[in-house]
Peer 1: 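Structure incoming, see below.
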Amino acid sequence: RAHGHRATHLAMRAGRALAAAAYGRTPRFVYFLGGSTGGQQALSLAQRHPEDCDAILSAVPANARVALHAYFLWNWQALHRADGSLLFAQAQEKAWQEAALAAFAPEEPLERARGRFASDPRWTPSRLEAALRGAARRDPSLSPAHLDALRRLAEGPRHALTGRRIHGGLPPGGPFAPSCGNLYLFNWVFGADFDPARFDFGADFDRYAAALAPDLDAESADLDAFRARGGKLLVYSGTSDSCVPWHATAAWYGRVTARYGLDATRDFCRYYLLPGREHMGGPGVQTIRDEFALLSRWREKGVGPEPVGHGMVP
């Protein structure tokens with residue numbers, strides 16, 4: 001794990017050398033396109049190894065990797081009983097998804113999104129309470145324990161001692177299954193016999209984060225070297241992605257724009273939140289047509305990507 005970002009860097013160096021050997025000259029431009037873990041690797045290259053790439057696409061990136069897996073574990077605890085069995089039946093999950101989207105529908109500006117996805121996925125207290133009431137009406141089998149678990153899912157993990165938010169919660173309408181797996185990072189810290197039901201979001205979280213965040217997270221807003229060499233960075237998340245929710249990436253971009261200013265940031269780094277995009281596909285219109293064309297046109301011709309409808313075209 002300690003050399004995860006270095007492995008990506010060495011792979012880029014090897015690829016450049018292979019291209020030079022095959023074509024008899026070094027590449028004029030080098031591009032990296034990655035999604036999910038590949039999106040984490042993409043942002044890590046821009047932050048840690050800015051000399052490697054001329055332009056980078058980071059799709060649905062797991063940039064706050066340590067916090068993301070804490071979100072997975074938080075959801076696992078909420079979705080399982082003490083004996084390890086699943087708390088929710090499929091019909092109960094569906095009732096919650098429908099109620100959540102119905103709670104967002106009155107304020108949904110996109111007519112085609114109402115009841116299907118949320119273009120603005122931010123939970124508010126009133127939306128959450130409306131969703132919980134709606135779910136209970138749709139499925140009377142939802143007990144207080146179910147409703148408490150749903151509240152935990154929507155609100156997301158918090159530090160048990162400080163109350164600090166660790167990560168955002170499940171997006172409205174997002175499926176449960178992608179949001180509560182991938183617990184292997186905890187084995188790296190706590191061993192093969194790690195018990196997810198016993199994890200404490202206080203001292204245990206602190207130990208886990210201290211061990212892994214310095215090597216795995218791609219959270220730095222310092223893109224000075226990447227920007228100085230003319231690099232271009234395109235990043236996007238989806239409003240319906242329950243595997244890698246948008247919160248941490250949007251927060252990272254907020255820190256980038258605070259460092260450089262919005263206009264200066266858009267010269268070299270752009271972030272889009274795509275309505276209805278899940279981790280792979282989704283109910284919304286979220287097409288990214290020819291991602292490589294977007295990057296190469298921006299880097300080589302200076303024409304930056306812009307949204308068209310609810311997607312982007314080169």
Peer 1: Is it true that D54 and R28 have a side-chain N and a carboxylate O under 4.0 angstrom from each other?
Peer 2: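 Salt bridge flag = no for R28 with D54.
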Peer 1: Could you check whether D120 pairs with R122 (Lys NZ or Arg NE/NH1/NH2 to Asp/Glu carboxylate O, under 4.0 Å)?
Peer 2: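 Salt bridge present between D120 and R122.
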Peer 1: Taking salt bridge (Lys or Arg N to Asp or Glu O under 4.0 Å) as the test, write out the residues that go with D200, two or more places apart.
Peer 2: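 Counting only residues at least two positions away or on another chain, D200 forms no salt bridge (Lys or Arg N to Asp or Glu O under 4.0 Å).
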Peer 1: Does any non-hydrogen side-chain atom of S237 lie less than 4.5 Å from one of R277?
Peer 2: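 Sidechains of S237 and R277: no contact.
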Peer 1: Please name all residues satisfying ring-ring contact (aromatic ring centres under 6.0 Å, His included) with Y253, sequence neighbours left out, ordered by chain then number.
Peer 2: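 Expected list: Y271.
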Peer 1: Pairing donors with acceptors under 3.5 angstrom, does anything connect the side chains of D222 and S220?
Peer 2: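 Judged by distance alone, the side chains do not pair up.
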Peer 1: Output all residues satisfying side chain to side chain contact (heavy atoms under 4.5 Å, CB included) with L10, sequence neighbours left out; order by chain, then residue number.
Peer 2: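 Only R6, R13 meet the side chain to side chain contact (heavy atoms under 4.5 Å, CB included) criterion with L10.
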Peer 1: Compare every heavy atom of L101 with every heavy atom of P172, then report the nearest pair and how far apart it is.
Peer 2: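 Scanning both residues completely, I find the closest heavy atoms to be O-CD2, 3.8 Å.
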Peer 1: Relative to each other, are the rings of F72 and H69 parallel, tilted or perpendicular (30° and 60° limits)?
Peer 2: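 Judged by the thresholds at 30° and 60°, the geometry between F72 and H69 is perpendicular.
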Peer 1: Using a strict cut-off of less than 4.0 Å between a Lys/Arg side-chain nitrogen and an Asp/Glu carboxylate oxygen, indicate whether R198 and D204 qualify as a salt bridge.
Peer 2: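 Looking at D204 together with R198, the answer is no, because their closest N to O distance does not fall below 4.0 Å.
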Peer 1: Once the angle between the rings of W74 and F201 is folded into 0 to 90°, is it parallel (under 30°), tilted (30 to 60°) or perpendicular (over 60°)?
Peer 2: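 Rings of W74 and F201: perpendicular, as their planes differ by over 60°.
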Peer 1: Thinking salt bridges, do R138 and E98 make one under a 4.0 Å N-O criterion?
Peer 2: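 Yes.
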Peer 1: Do M12 and C53 touch side chain to side chain, with heavy atoms closer than 4.5 Å?
Peer 2: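 M12 vs C53: side chains touch.
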Peer 1: To the nearest 0.5 Å, what is the distance between CG on D241 and CD on E278?
Peer 2: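 With rounding to 0.5 Å, CG (D241) is 7.5 Å from CD (E278).
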Peer 1: With distance as the sole test, does S242 use its side chain to make a donor-acceptor pair with the main-chain N or O of P175 at under 3.5 Å?
Peer 2: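 Present.
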Peer 1: Given side chains that start at C-beta, do those of V303 and R297 come closer than 4.5 Å, heavy atoms only?
Peer 2: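 Yes. Closest side-chain heavy atoms under 4.5 Å.
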Peer 1: For E129, which residues count as a side chain to side chain contact (heavy atoms under 4.5 Å, CB included) partner, sequence neighbours excluded?
Peer 2: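 Listed in chain order: L132, R133, R151.
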Peer 1: Please verify the inter-ring angle class for H49 with H9; under 30° counts as parallel, over 60° as perpendicular, anything in between as tilted.
Peer 2: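 H49 vs H9 ring planes: parallel.
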Peer 1: Can you name the residues that form a salt bridge (Lys or Arg N to Asp or Glu O under 4.0 Å) with R255, not counting sequence neighbours?
Peer 2: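 So R255 forms a salt bridge (Lys or Arg N to Asp or Glu O under 4.0 Å) with E219.
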Peer 1: Less than 4.5 Å apart, any side-chain heavy atom of L185 and any of L216?
Peer 2: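 Sidechains of L216 and L185: in contact.
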Peer 1: Can you list everything that forms a salt bridge (Lys or Arg N to Asp or Glu O under 4.0 Å) with R114? Sequence neighbours excluded, please.
Peer 2: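 For R114 there are no salt bridge (Lys or Arg N to Asp or Glu O under 4.0 Å) partners, ignoring immediate neighbours.
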Peer 1: State which residues pass ring-ring contact (aromatic ring centres under 6.0 Å, His included) with W246; sequence neighbours excluded, sorted by chain then number.
Peer 2: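 Here no residue qualifies.
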Peer 1: Mind checking side chain to side chain contact (heavy atoms under 4.5 Å, CB included) for D193 and listing every partner two or more places apart, or none if nothing turns up?
Peer 2: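 For D193, no residue satisfies side chain to side chain contact (heavy atoms under 4.5 Å, CB included) once neighbours in sequence are set aside.
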Peer 1: Got a sec, which residues hit side chain to side chain contact (heavy atoms under 4.5 Å, CB included) with T162, two or more places apart in sequence or on another chain?
Peer 2: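 Side chain to side chain contact (heavy atoms under 4.5 Å, CB included) list for T162, sorted by chain: H159, R164.
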Peer 1: Measuring centre to centre across the rings, with the benzene-like ring taken for any Trp, is Y260 within less than 6.0 Å of F268?
Peer 2: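 When the ring centroids of Y260 and F268 are compared, they turn out to be within the sub-6.0 Å range.
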Peer 1: Suppose we screen for ring-ring contact (aromatic ring centres under 6.0 Å, His included). Which residues come up paired with F88, at least two apart in sequence or across chains?
Peer 2: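 Expected list: H146, F176.
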Peer 1: Would you say L86 ends up clustered with L73 if hydrophobic residues are merged whenever their side chains have heavy atoms under 4.5 Å apart, either directly or through other cluster members?
Peer 2: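 No, it is not one cluster - the side chains of L73 and L86 are not joined through contacts under 4.5 Å.
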Peer 1: Looking at every heavy atom in both P121 and F104, which two are closest together, and how far apart are they?
Peer 2: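 Closest heavy-atom pair between P121 and F104: C-CE2, 3.8 Å.
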Peer 1: Can you find a pair of side-chain heavy atoms, one from S44 and one from D217, that are under 4.5 Å apart?
Peer 2: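 A side-chain contact is absent here, since even the closest heavy-atom pair is not under 4.5 Å.
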Peer 1: Have a look at V235 and tell me which of L43, V256, I56, V60 forms a side chain to side chain contact (heavy atoms under 4.5 Å, CB included) with it.
Peer 2: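 Going through the options one by one, the only one that passes is L43.
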Peer 1: May I have all residue pairs that pass ring pair (Phe, Tyr, Trp, His ring centres under 6.0 Å) and include part of residues 10-47, sequence neighbours excluded?
Peer 2: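 Pairs touching residues 10-47 that pass the test: Y31-F292.
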Peer 1: According to salt bridge (Lys or Arg N to Asp or Glu O under 4.0 Å), who are the partners of R127, at least two apart in sequence or on a separate chain?
Peer 2: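 Here the qualifying residues are E107.
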Peer 1: Is the distance between the ring centroids of Y184 and W188 under 6.0 Å?
Peer 2: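 Yes: the rings meet the under 6.0 Å criterion.
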Peer 1: I want to check something: taking the side chain as every heavy atom from C-beta on, are Q77 and P196 in contact at a cut-off of under 4.5 Å?
Peer 2: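 When only atoms from C-beta onward are counted, P196 and Q77 do not touch, as no gap falls below 4.5 Å.
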Peer 1: What's the shortest heavy-atom distance between R48 and A218, and which atoms?
Peer 2: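 Nearest pair, atom of R48 first, then A218: NH1-CA, 4.4 Å.
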